[in-house]
Amino acid sequence: MIAILRIGHRPDRDKRITTHVCLVARAFGASRILVDLADRELENTFNSVNDRFGEGASIETGVKWRRVIGEWKGIIAHLTMYGMELDEAVAAIKEKDIDADVLVIVGAEKVPGEVYKAADFNISVGNQPHSEVAALAMFLDRYFDGNALKDLKGKMKIIPSNEGKVVVEE
Ligand code: SAM
């Protein structure tokens, strides 16, 4: 089980990017999403995607992130451009415990030093600054050996097509 912990979410500034973090987590195989600041609008938007396109991850906002980290029983991975190389890190996580629940932490602006210390693995997706959305998608895809994309069953199903939009509604 993979859970995503989004810390530093500022509803006024990070609205779209946190939504994208959550949607990527859902579409790329995570089971739980935890966001530090309470944001009912984000929950509603996310749950409406689950409702229409199939039940993916669950979402909870307003979590106490220090408590989540402190009480986590499995492996803690933190995505940061300063961390160890992605492929090496994924291999190390699996070697440590292939069945462990993994908590993946992604930041918004500045991530406190205690997160780096609490993490079993600080992981970089390349050593350039970019985006938590890209970092998360790549981490999940590598973690799931390139098979992260989920085919969820919902009221609406998009059929891949080269022309037009093909959507089947139940
Ligand atoms: N300077 C900030 C910091 O303290 O890490 C960077 C903030 S960055 C816009 C937001 C988040 O994107 C980071 O907390 C990290 O989770 C993720 N991120 C950005 N670049 C990354 C990279 N190269 N590898 C892994 N994660 C990255």
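All figures in this text were calculated on a predicted structure; none of them were measured in a lab. Both ligands and their constituent atoms are indexed starting at 1 by order of listing.
In terms of protein heavy-atom proximity, atom 24 (N) of ligand 1 is nearest to V125 N, 2.9 Å. The shortest contact between atom 6 (C) of ligand 1 and any protein heavy atom is with E109 O, 4.1 Å. Protein heavy atom closest to atom 27 (C) of ligand 1, with residue, atom name and distance, is A135 CB, 3.8 Å. If you check which protein heavy atom lies closest to atom 5 (O) of ligand 1, you get Y116 OH, 3.9 Å. At the top of the distance list for atom 1 (N) of ligand 1, counting protein heavy atoms only, stands M81 CE, 4.4 Å. Taking atom 16 (O) of ligand 1 as the reference point, the nearest protein heavy-atom neighbour is L79 O, 2.6 Å. Taking atom 23 (N) of ligand 1 as the reference point, the nearest protein heavy-atom neighbour is Q128 O, 2.7 Å. Ranking protein heavy atoms by distance to atom 10 (C) of ligand 1, first place goes to A108 O, 3.1 Å.
Closest heavy-atom approach to atom 17 (C) of ligand 1 among the candidates E85, E132, K110: E132.
Between the side chain of W65 and the main chain of V68, no donor-acceptor pair closer than 3.5 Å is present. Side chain of N122 to backbone of A77: no donor-acceptor contact under 3.5 angstrom is found. When atom types are taken as modelled, the side chain of T61 and the backbone of D39 share a donor-acceptor pair closer than 3.5 angstrom. In this structure a side-chain-to-backbone donor-acceptor pair under 3.5 Å is missing from D101 to K73. A donor-acceptor pair under 3.5 Å is absent between the side-chain atoms of K165 and the main chain of I159, judged by distance alone. Side chain of D36 to backbone of V63: no donor-acceptor contact under 3.5 angstrom is found.
Under 4.0 Å from ligand 1, the heavy atoms of T80 that appear belong solely to its backbone.
Applying the 6.0 Å contact sphere to OH of Y116 captures more than 12 heavy atoms from other residues, nucleotides or ligands. More than 12 heavy atoms of other residues, nucleotides or ligands lie within 6.0 Å of CG in D12, so this atom counts as buried by the packing criterion.
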**OP:** For salt bridge (Lys or Arg N to Asp or Glu O under 4.0 Å), just list the numbers for K153 and E55, CA-CA rounded to whole Å, side-chain angles, deciding distance to a tenth of an Å, and then say yes or no.
**Re:** CA-CA 7 Å; K153 289 192 182 16; E55 201 65 33; over 6 Å; no
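Every atom of ligand 1 with a heavy atom of I123 under 4.0 Å away is listed here by number and element: 25 (C). Residue V111 has at least one heavy-atom neighbour below 4.0 Å for each of these atoms of ligand 1: 4 (O), 14 (O). Near S131, the atoms of ligand 1 lying under 4.0 angstrom from a non-hydrogen atom of the residue are 12 (O), 19 (C).
The shortest N/O to N/O separation between V106 and ligand 1 does not fall below 3.5 Å.
In summary, the side chains of S58 and R32 do not present any donor paired with an acceptor at a separation below 3.5 Å, with no hydrogens or angles considered.
Judged by the shortest distance from any of its heavy atoms, L86 lies outside the 4.0 Å radius around the atoms of ligand 1.
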